[in-house]
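To start, the structure under review is shown below, and the notes come after it.
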Amino acid sequence: MSLIETKNIVKNFKLGKVGVKILKGISLEVEKGEFVAIVGESGSGKSTLLNIIGGLMPPSSGEIEINGKKLIGLNENQLALFRRDNIGFIFQSYNLLPQLTALENVERPLIFSGIPKKTRKIMALNMIERVGLADRANHKPSELSGGQQQRVSIARALVNNPEIILADEPTGNLDSKTSTEILEILKELNVESKKTFVVVTHSKQVTEYADRVINMVDGFITSIDKNSI
Ligand SMILES: Nc1ncnc2c1ncn2[C@@H]1O[C@H](COP(=O)(O)OP(=O)(O)OP(=O)(O)O)[C@@H](O)[C@H]1O
Ligand SMILES: [Mg+2]
C-alpha cells in the first residue's frame, strides 16, 4: 500500500454552461519518503491534482487513498481533520496572515489542533529555528524577504508534523540562490525526517532535487522519469 494512491481521477469544471474535463484519469502512487516533482505546461492540471490529493477539492470521479484513508465520501469536517493530521501545504505566494508575526503564523495550525498556548509557542519556536529564522520570529510578513516568508510557511506546514508536504511552486517567486536555500530545507526534511513531498514546479532546479519527475500534459500523465540522483 503506497502512502498516496489515486485511481483514475477525473475532474470536470463548469465554464459557463459547458463542462470542461481538466483531469482525464490520473492514476498515481507515491511511496512514503519519496520526493516527487510534477511538471507540465501551464493549464495542464497540476494544481488541480495537488488540491485533490490534499483534500482541498473533490474529484468528479475516481478513487483516492492517502495514508490509509479513503477521501471520497468524507464531509467538510472530516476533510479538515484529515488535512490537519496528514498534510502540510506550501504555496507560491506564501499565504501568511499579514497581521500576525512569523511565530503567530506558525502557531495557528496548532490552535486548530487544540494544543495549549505554552506548548504551542515552544513547538512553533522549534520549527522557526529549524528553518533558520529564530532572529525574525517576531517580525510580520511585510518585514520579511520572500525567502524568509517562504521559510515561515514551511515552518507552518510542518508544525503539526504531517506525513505529507504538498507544495505548489514553492520557489516560484524566489531568485535562484534563495530557491536553493529553500530546496535544501525541503530536502533535509525529506531525508532526515522522512517526510514525503509532492512538489508542483516549472523549475528545472526543483526537479534536480526530486527522486521522480511526473510530466502532465493536458490532464494526463504522459511520463514518469526516475532521476539518476
Ligand atoms: N475553479 C475552476 N473553475 C473552472 N476552471 C478551472 C478552475 N480551476 C482550474 N480551472 C482550469 O483548469 C485548468 C488547469 O488548471 P490548473 O490550475 O490545475 O493548471 P496548472 O497546471 O496548475 O497551471 P499553472 O502552471 O499555470 O499553475 C485550467 O485550464 C484552468 O483554467
Ligand atoms: Mg498551478
Side-chain angles (χ1 to χ4, degrees), residues 4-30 34-66 71-72 74-76 79-80 82-83 86-96 146-147 149-150 152-154 156-157 162 164-176 178-180 182-183 186 196-225 227:
I4 299 174
E5 277 196 26
T6 78
K7 281 203 196 103
N8 212 12
I9 294 282
V10 170
K11 182 70 183 176
N12 302 304
F13 283 119
K14 268 232 162 75
L15 283 179
K17 283 191 181 141
V18 285
V20 183
K21 200 179 250 193
I22 298 301
L23 298 181
K24 299 174 178 170
I26 302 281
S27 298
L28 179 66
E29 291 181 14
V30 178
E34 269 197 298
F35 192 119
V36 172
I38 301 180
V39 302
E41 299 274 292
S42 178
S44 57
K46 304 180 298 295
S47 298
T48 305
L49 177 62
L50 202 72
N51 289 337
I52 290 174
I53 291 174
L56 286 171
M57 182 192 279
S60 304
S61 65
E63 291 172 39
I64 171 158
E65 192 162 336
I66 310 280
L71 298 199
I72 307 298
L74 297 187
N75 64 30
E76 272 309 314
L79 281 172
F82 158 78
R83 290 193 297 266
N86 295 280
I87 311 275
F89 292 96
I90 301 171
F91 301 96
Q92 175 173 1
S93 49
Y94 325 128
N95 290 11
L96 300 174
Q149 289 183 62
Q150 195 56 303
V152 176
S153 88
I154 292 169
R156 180 187 55 187
I164 299 166
I165 314 295
L166 303 178
D168 199 343
E169 300 280 2
T171 60
N173 284 333
L174 304 174
D175 61 43
S176 74
T178 313
S179 297
T180 304
I182 294 296
L183 286 164
L186 300 186
T196 304
F197 281 81
V198 180
V199 182
V200 164
T201 187
H202 281 107
S203 151
K204 179 91 176 50
Q205 197 187 4
V206 176
T207 62
E208 280 160 11
Y209 280 79
D211 302 316
R212 205 147 58 98
V213 180
I214 293 171
N215 189 30
M216 281 186 70
V217 177
D218 193 24
F220 291 105
I221 289 178
T222 57
S223 65
I224 299 182
D225 303 322
N227 265 6

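This is a predicted model, so every value here is computed, not measured. Atoms within each ligand, like the ligands themselves, are counted from 1 in listed order.
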Identify the two heavy atoms, one from [X] and one from [Y], that lie closest to each other, and give their separation to 0.1 Å.
X      : Y      : answer
Leu28  : Ile53  : CD2-CD1, 4.1 Å
Glu41  : His202 : C-NE2, 4.5 Å
Tyr209 : Thr180 : OH-CG2, 3.7 Å
Ala157 : Pro162 : O-CG, 3.3 Å

For [X], enumerate each residue passing the salt bridge (Lys or Arg N to Asp or Glu O under 4.0 Å) test, keeping only those at least two apart in sequence or located in another chain.
X      : answer
Lys14  : none
Lys24  : Asp218
Glu169 : none

Without swapping roles, check the side chain of [X] against the backbone of [Y] for a donor-acceptor pair under 3.5 Å.
X      : Y      : result
Ser60  : Asn12  : yes
Asp211 : Phe35  : yes
Gln150 : Phe91  : yes
Gln205 : Ser176 : yes

Check: Protein heavy atom under 4.0 angstrom of atom 30 (C) of ligand 1, is there one?
Finding: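 When distances to the protein are checked, atom 30 (C) of ligand 1 has no heavy atom within 4.0 Å.
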Give a yes/no on ligand 1: does [X] have at least one heavy atom closer than 4.0 angstrom to it?
X      : value
Gly43  : yes
Glu169 : no
Lys11  : no

Under a 4.0 Å heavy-atom limit, does [X] contact ligand 1 with its side chain, its backbone, both, or neither?
X      : answer
Val200 : neither
Ile22  : side chain
Met216 : neither

Check: Hey, which atoms in ligand 1 end up nearer than 4.0 Å to a heavy atom of Glu41?
Finding: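 In order of numbering, the contacting atoms are 21 (O).
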Notebook entry, point to check: Counting each atom of ligand 1 from 1 as listed, which ones have a heavy atom of His202 under 4.0 Å away?
Noted result: 25 (O)
Item checked: Identity of the nearest option to atom 26 (O) of ligand 1, non-hydrogen atoms only, from Ser42, Gly172, Ser44, Gly219 -> Ser42
Margin query: I want to confirm something. Looking only at heavy atoms, which of Asp168, Thr48, Leu15 is nearest to atom 15 (O) of ligand 1?
Written below: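 Residue with the shortest heavy-atom distance to the ligand atom: Thr48.
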Check: For atom 1 (N) of ligand 1, what's the nearest protein heavy atom and its distance?
Finding: Phe13 CE2, 3.5 Å
Note to self: Starting from atom 22 (O) of ligand 1, what is the nearest protein heavy atom, named by residue and atom, and what distance separates them?
What the structure shows: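 Result for atom 22 (O) of ligand 1: Ser47 OG, 2.8 Å.
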Check: Knowing that exactly one of Leu23, Val200, Thr48 qualifies, which makes a side chain to side chain contact (heavy atoms under 4.5 Å, CB included) with Met216?
Finding: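 So, applying the side chain to side chain contact (heavy atoms under 4.5 Å, CB included) to Met216 and each of Leu23, Val200, Thr48, only Leu23 qualifies.
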Check: Are any of the side-chain heavy atoms of Leu174 and Ile182 separated by less than 4.5 Å?
Finding: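 In contact.
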Item checked: ligand 1 N/O within reach of Lys46 N/O, cut-off under 3.5 Å -> yes
Notebook entry, point to check: Does the N or O separation between Gly45 and ligand 1 drop below 3.5 Å for any pair?
Noted result: yes
Notebook entry, point to check: So what's near the Mg ion (ligand 2), protein N, O or S atoms under 2.8 Å?
Noted result: Ser47 OG
